[in-house]
Amino acid sequence: GTGTTSGGTTNAGGSSSTTTTSGTNSGATGSVGTGGQTTGSSGISDGGAGAGGGSTSTLTLGGNSGGSVVLSLPAGMTIANEPGTISVRFASPASAGGAGDGGAVVSTTLSVVLMKNGVPTAGASGVALTETDGVLTVSQFDSPGSAALSLPGAVLRSIVLNLPATLGSEAASFDINITDSGIVVRGKNALAQATIQSNRDEVIALVLAEVRRQIKAPLDRITSVFIDQN
């Protein structure tokens, strides 16, 4: 805002003269400078808006009795769901100083294999992946049919994805194992298993995005996603 400071001095003859100093205040906090100008230490802040401001998005589980369960995504990650396509932003664009790749496009396809306690049981629809500047897009294509079910292979690295519920203290927690031939996803608790059952495609997209964000594993080296329904 703009403030006015008035002060006066008294002359010998008894008359009074007034000196007025105007100053401009920018920023939430500041110190008084020369000439009455106040400059904020951080300047003007827009408070952050959207994914660029570090906000979180949510994932709502479908088919829950007694009301929907809403899960928070990791900070800075957003998800958009359109018919047949799911897009997850996991990194800010390179143009905004983020970890995006500046517009290079990477495309690949992979199969989805359902497992039970570590044993492959059935193939599901495969998915096509495209990544552009920090956004991973996942879309479905037809199942490979009667192709032999592969095994995930040896575990090379493990990470965890946690999606806290917006109400209460519970979180859907997923173990993610990066293996010789793909990624194994396993729900660590009942909420995570329910999330896989009701939102499997979203879970696949979020898991792949988290793998890209945490360890930057190249997409074209991932051939399969194994969903272990223990």
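Start at 1 with the first residue, then count along the sequence.
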Check your understanding: Closest approach of Q193 and D228, non-hydrogen atoms and distance?
Key -> NE2-O, 3.9 Å

Revision key, fill the gap. Rounding to 0.5 Å, atoms CG (D180) and OG (S150) come to a distance of 11.5 Å

Point to revise | Nearest-0.5 Å distance that lies between atom CD1 in I176 and atom NZ in K188 | key: 10.5 Å

Review point. Checking S72 side chain against T166 main chain: does a donor-acceptor pair fall under 3.5 Å?
Key: no

Exercise for review: Pick out which of I196, V207, N81 makes a side chain to side chain contact (heavy atoms under 4.5 Å, CB included) with E202.
Suggested key: N81

**Study point:** T85 versus S139, closest heavy-atom pair with distance
**Key:** OG1-CB, 4.0 Å

Exercise for review: Without swapping roles, check the side chain of S68 against the backbone of T60 for a donor-acceptor pair under 3.5 Å.
Suggested key: no

**Study point:** Cluster check V69, I79: I/L/V/M/F/W/Y, side chain < 4.5 angstrom
**Key:** yes

**Study point:** Test item: T179 side-chain N/O and G182 main-chain N/O as donor-acceptor pair under 3.5 Å
**Key:** yes

Study note, to complete from the structure: By side chain to side chain contact (heavy atoms under 4.5 Å, CB included), A205 pairs with (sequence neighbours left out) I86, V88, V138

Exercise for review: Over all heavy atoms of both residues, which pair between P74 and L161 is shortest? Give the atoms and the distance, please.
Suggested key: CG-CD1, 3.9 Å

Point to revise | side-chain hydrogen bond (donor to acceptor under 3.5 Å, both in side chains) between S111 and S224, intermediate numbers included | key: CA-CA 5 Å; S111 59; S224 301; 2.9 Å; yes

Point to revise | Steps toward side-chain contact (heavy atoms from CB on, under 4.5 Å) verdict (D175, S158) | key: CA-CA 7 Å; D175 277 331; S158 298; over 6 Å; no

Review point. Out of curiosity, does V185 fall in the hydrophobic cluster containing L156 (side-chain heavy atoms, cut-off under 4.5 Å, transitive links)?
Key: no

Check your understanding: A209 and M77: which non-hydrogen atoms are nearest, and at how many Å?
Key -> CB-CE, 4.2 Å

Point to revise | Hydrophobic cluster identity match, L206 and I215, side-chain contacts under 4.5 Å | key: yes

Check your understanding: What is the distance from atom CD of Q197 to atom CG of N199, rounded to the nearest 0.5 Å?
Key -> 10.5 Å

Exercise for review: Please list, chain by chain and in numerical order, all residues satisfying side chain to side chain contact (heavy atoms under 4.5 Å, CB included) with Q214, sequence neighbours excluded.
Suggested key: I159, E210

Practice item. For A172, enumerate each residue passing the side chain to side chain contact (heavy atoms under 4.5 Å, CB included) test, keeping only those at least two apart in sequence or located in another chain. Key: L71, L163, F174, L191, A192, T195

Review point. Is any side-chain heavy atom of L129 closer than 4.5 Å to a side-chain heavy atom of L208?
Key: yes

Practice item. For the pair S181 (side chain) and L151 (backbone), establish whether a donor and an acceptor sit closer than 3.5 Å, ignoring hydrogens and angles. Key: yes

Practice item. Please check if the side chain of N189 supplies one atom and the backbone of A171 the other of a donor-acceptor pair under 3.5 Å. Key: yes

Practice item. Hey, could you give me the CZ/OG1 distance between F226 and T121, rounded to the nearest 0.5 Å? Key: 11.5 Å

**Study point:** Nearest heavy-atom neighbours spanning V113 and P120
**Key:** CG1-CB, 3.9 Å

Review point. So do T108 and I222 actually touch side chain to side chain, heavy atoms under 4.5 Å?
Key: no

Exercise for review: Could you tell me which non-hydrogen atom of L73 sits nearest to which non-hydrogen atom of L59, and how far apart they are?
Suggested key: CD1-N, 3.7 Å

Practice item. Say whether, by atom type as modelled, one donor and one acceptor occur between the side chain of R89 and the main chain of G76 under 3.5 angstrom. Key: no

**Study point:** Spatial distance of atom CG (L219) from atom OG1 (T109) [nearest 0.5 Å]
**Key:** 11.5 Å

Review point. What is the distance from atom CD1 of I204 to atom CD of Q140, rounded to the nearest 0.5 Å?
Key: 8.0 Å

Check your understanding: Do L114 and R200 have side-chain heavy atoms sitting under 4.5 Å apart?
Key -> yes

Check your understanding: Is the side chain of R186 donor-acceptor paired with the backbone N or O of Q229 at a distance under 3.5 Å, no angle test?
Key -> no

